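Read the structure below first, then the notes.
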Amino acid sequence: MSVDLGEDFFILPTVLPKMDQKASKAAKPGSPSVTEGQRREDERQSPPHHSEQTREHGANVDVSNNVSDNGKPTNIAPSLGNEDEEGVGTCKATDVDLPHDQESYDMALLALDQGRDTHDQVLDGGHECYNDGDVVAFSETENAVTQITNPSQLSGQGNKVINIGPHSTVNIFHGTSDEPSTGPNIDSPPEDFPLAQCQDSLKSYFKTRLSNLHPLAWNETFTMKIEDIFTTVDLVTRTRQGGNIERRALPSTVDALTARPDCPQPRRILIEGNAGIGKTTEVSKLAFDWAEGRSTVLEKYDLVFPIALRKVDESQSLTEFIFDQLLPEDVPFQESDLETYLKGNDRVLIILDGFDEWARHDGHDVTKLLTGKVLRDCCLLVTTRPSHAPQLQSLMCPDTQVEITGFSQDNIRTYVHRFFTGDEAKAAALVSKMDSSLIPTGILATPIMLLLTCMMWEEKQDLVFGGRIFPLYDELVSFTIRRHCVRNNIVSDQGIPWNIRDALLCAGALAFNGLLESNLVYSKEDVVKYCSADSLQELVLLGILHRQESPSRLNPSDQFSFSHKTMQEYFAGLHFAKRLQNQTTQLNTYLKTARCVRDLENMVIFACAKLGPEADVILAHLVKIYQEEVEQFSDSFSVWLSKKEPFSLYSECRVTGNEEEFLSPSELDFFRYQVYMEIALLCFYESGCLSLVDSIFLAKGVILFSNVGPRVYNALEHVLNRLQPPSLRSIKSLWLVNTMQCFVSPVIGYLKMMNLSELNLRRACLGGHDPDTGPCARLAQQLPYLTSLRKLVLSFNNLLCSDLLVLLPSLKMLVELEELYLSGNNLAGCGKEISELPCSLRNLRVLKVYRCELKTEGVVQIATTVVQFCPKIELFDWKGNRTGPDGDSKVPDVLRGLKSYRREF
């Protein structure tokens, strides 16, 4: 049982000197020998005195009259030296010279016996004294016992005098002295830390280094002012509501740190996003805004520490890598001072950028920080790729999860105009060209890809854009080489100079072997295994490899990296493609299973793109793995998806660690199928080789994708466009569900060429667009051709009455339809229109309109026509509408006219 003294105190067990047994028994909590009148009298008679105290946040604990049990004054004061990870530790005895003016047994304690129910008694000034082994309260962050020298500290509202024995009292004073404490410190108090100097050092660093972005991590010479180019990416915060994930837009990263109804004080924030999506830029802007004082939200943090995890060495402690990355050598404090200051401090924000780029070590300070073993009061924000999100979730148990989804189409255009400030004609020309090709694909939602496109357009306005990623990286490397040659007056009549060509081959070998070993940072010894000294120097000069000093102070040496993992994956793909041209048996070595393909997915996609028509060697291998491992999951996929509420699959399925730790068996089947199908589709698309596409995507006549982005939909549209009509007619079931934006529009145009019996467009963002040209209009054009359609799912699409009116004529033509799902749309006032459907759709067995904002009158209208025209109806789901008690009685009365009436109707 602990004593609650408010937020200013916590409880420590201590060993007390032995007390007089009779006095102890007489003064135990709840003892009838101590009356309320006696307690008040004791409080009134407590004399003013000098004292030793602990103090925190304006509350002072005054402890008076320490003597030994032989009647002599004692100079033993408690120390907090053995605090453990839970904030509870055993006090030690420390020699401190203290004044004593009474021969009495007075304890510097707030205490109670284990299991003793004295919570209210102690707070109210209960008259108790305590025994050996009792529990003592001290200030959590200020580990000091100091003497009161200013009598003003004894006054103030809310002061309490608690008598803990015949001659011992504890005074709690509210309000602190303006004068400095004269008592000796048991440990270095936080006030001794030079906070202002630390803030100045950090802010100076952030203003100097973070004001200029280095958006190309592999080219440190290329910089852009953050205020000139920064464009807000789209952010989505995810909150789990039972089995569902509720997603809502977030204005900025700073908003993830603000209170919300389900989390009044966010302290553990996980931010995830794909490679190049802008995670590092977002946290850099956050630190820069703190330094500039531009955010009231960030004012609550005295210190902000943005740490690049990829630069953290295995041997470094927390304070060592903070000093190494952020602080100058001449700061007026030591690592130990900072460590003491951080403990128990809730006004510190620590940012760990790039969890996916850090090699996890169980005993490392980073792991302890993530798991809350250390500095659990500090606010922690961590970024990662989706591949490592489940692993990170299990470590840090975040209270806030944010997903960076990239640039919206409007922000893509904004970014281009900012990039070409002063040259509006060039910006407008690029936007015009992108509008017709790249923007609809979604590939430019990734900031790094948009930047590369702008850079190349700046140099060469006759570029031909498509939707593939590989040509962009190809052009980037050529662009880098051209700049390097011009800058160094290198002239070559044979294209790329031979020394640069050799260096690029070395980069491929280095990248390939690094991926196999999950290595993103190389020592010089690692690099020289694949590169000569001249090639290494050339790669550094080109900006393809980035040189950095080792963070280890014990073993300082140069380290090298591709900085951005996608660039490493590009070069690894080139190397892998070259190896396969010479020896195809290596496929069984490196891509033995579906898991291997998943772990090396971008490398495999780049290799297919490089091989082009010759990529059949990889694609045939992918078909083989599909047939042996993946095909069996296709049925589980549709069953699982139809029974479970979806969550952010695309963000959570890229598990590179031990995924069995995080997912149930059914989820594992679901994820394995989903991820493999994405990779296979992108391999077909990037290579342009579709001779084997039927073997995977048309094997069962089913195409299913959930939670995928625009790149996958662009690839799917391209593949459908290349398929022959007989192949398209073999598609019987199409599931395109759970998208964050309406990515399905390009695919809708191919529906009439399919022989669909099932079309599932749940959560495909179909509603709220232009009624004449939007996705509902396109869908309305296609539906009349789907004469074999038996099941149509349009649930949770933000459909409005205007959208329903566009679709209604086409829906009435689906006379063979047996199941229609319209739930979760805002169809308020559309009861009459929906009630027109059963007259045409007389084969309906299932009609779902739950949570459609319908009133009683509308639901009764629909129920009446269902009873009248749909004799086969088995399920009419109307719950969750705005019917109230009146509807709860009227609707069932109508449905009793059905022969197949069931109570759950």
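Here the structure is a predicted model, which is why all the values come from computation and not from measurement.
- You'll find the side chain of Phe684 reaches within 4.5 Å of the side chain of Phe697, heavy atoms only.
- As summarised for Cys608 and Cys689, their two SG atoms remain at a distance no smaller than 2.5 angstrom, missing the threshold.
- Between the side chain of Glu629 and the backbone N or O of Ala594, at least one donor-acceptor pair lies under 3.5 Å.
- Residues Leu811 and Leu817 have side chains not in contact (no heavy-atom distance under 4.5 Å, counting atoms from C-beta outward).
- You'll find the side chain of Arg711 reaches within 4.5 Å of the side chain of Ile469, heavy atoms only.
- A heavy-atom distance below 4.5 Å is not found between the side chains of Gln741 and Pro710.
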Checklist line | side-chain contact (heavy atoms from CB on, under 4.5 Å) between Lys791 and Glu818, worked out | finding: CA-CA 6 Å; Lys791 181 177 180 178; Glu818 298 177 0; over 6 Å; no
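- Taking CE from Met677 and CG from Leu716, the interatomic distance works out to 10.0 Å, rounded to the nearest 0.5 Å.
- When each of Leu792, Asp803, Leu807 is paired with Leu779, the side-chain contact (heavy atoms from CB on, under 4.5 Å) condition holds for Leu807 and for no other.
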Check: Does the side-chain contact (heavy atoms from CB on, under 4.5 Å) test come out yes or no for Ser730 and Asn755, once each step is laid out?
Finding: CA-CA 7 Å; Ser730 69; Asn755 187 26; over 6 Å; no
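- For the atom pair Arg598 CZ and Ile625 CD1, the distance stands at 11.0 Å (nearest 0.5 Å).
- Here the side chain of Asn798 pairs no donor or acceptor atom with the backbone of Cys765 at under 3.5 angstrom.
- Rounded to the nearest 0.5 Å, atoms CZ (Phe876) and NZ (Lys848) are 12.5 Å apart.
- Within the 4.5 Å cutoff, side-chain heavy atoms of Ile862 are placed close to those of Leu854.
- The CZ atom of Arg729 sits 9.0 Å away from atom CG of Leu756, with the distance rounded to the nearest 0.5 Å.
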Next item on the list: Check step by step if side-chain hydrogen bond (donor to acceptor under 3.5 Å, both in side chains) holds for Glu678 and Gln674.
Entry: CA-CA 6 Å; Glu678 287 182 45; Gln674 170 75 79; 3.2 Å; yes
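- Checked against Leu794 for a side-chain contact (heavy atoms from CB on, under 4.5 Å), the options Leu759, Leu804, Leu761 give a single hit: Leu761.
- At a threshold of 4.5 Å between non-hydrogen side-chain atoms, the residues Leu720 and Leu728 count as touching.
- Side-chain contact check for Gln868 versus Pro838: every heavy-atom pair is 4.5 Å or farther apart.
- Screening Asn738, Thr739, Asn760 against Ser706 for a side-chain hydrogen bond (donor to acceptor under 3.5 Å, both in side chains) leaves a single residue, Asn738.
- Ring geometry for Phe743 versus Tyr713: interplanar angle of 30 to 60°, hence tilted.
- Counting only distance, with no hydrogens or angles, the side chain of Tyr676 and the backbone of Leu622 share a donor-acceptor pair below 3.5 Å.
- Remark: the backbone N or O of Thr883 is paired with a side-chain donor or acceptor of Thr856 at under 3.5 angstrom.
- Ionic pairing of Lys890 and Asp893 is not present here: no N-O contact between side-chain nitrogen and carboxylate oxygen is shorter than 4.0 angstrom.
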Check: Tyr750 and Ile731: side-chain contact (heavy atoms from CB on, under 4.5 Å), yes or no, with the steps?
Finding: CA-CA 11 Å; Tyr750 296 90; Ile731 302 174; over 6 Å; no
Next item on the list: Under the salt bridge (charged side-chain N to carboxylate O under 4.0 Å, His left out) rule, what do Glu819 and Arg845 come out as? Steps first, then yes or no, please.
Entry: CA-CA 6 Å; Glu819 299 181 48; Arg845 293 185 298 104; 3.3 Å; yes
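- With hydrogens and angles disregarded, a donor-acceptor distance shorter than 3.5 Å links the side chain of Lys279 to the backbone of Gly273.
- Put simply, the side chain of Arg260 never gets that close to the backbone of Thr258: no donor and acceptor are under 3.5 Å apart.
- In terms of modelled atom types and a separation under 3.5 Å, the side chain of Thr400 and the main chain of Ile269 share no donor-acceptor contact.
- Taking the ring axis of Phe796 as reference, the NZ or CZ atom of Arg763 stays within 45° of it and closer than 6.0 Å to the ring centre.
- Checked by atom type and distance alone, the side chain of Ser823 never pairs as donor or acceptor with a backbone atom of Arg851 at under 3.5 Å.
- With contacts defined as side-chain heavy-atom distances shorter than 4.5 Å, the pair Ile748/Pro775 qualifies.
- Panel note: side chain Arg722, backbone His718; no donor-acceptor pair is recorded below 3.5 Å.
- Of the possible polar contacts, one joining the Asn797 side chain to the Ser795 backbone as a donor-acceptor pair under 3.5 Å is found.
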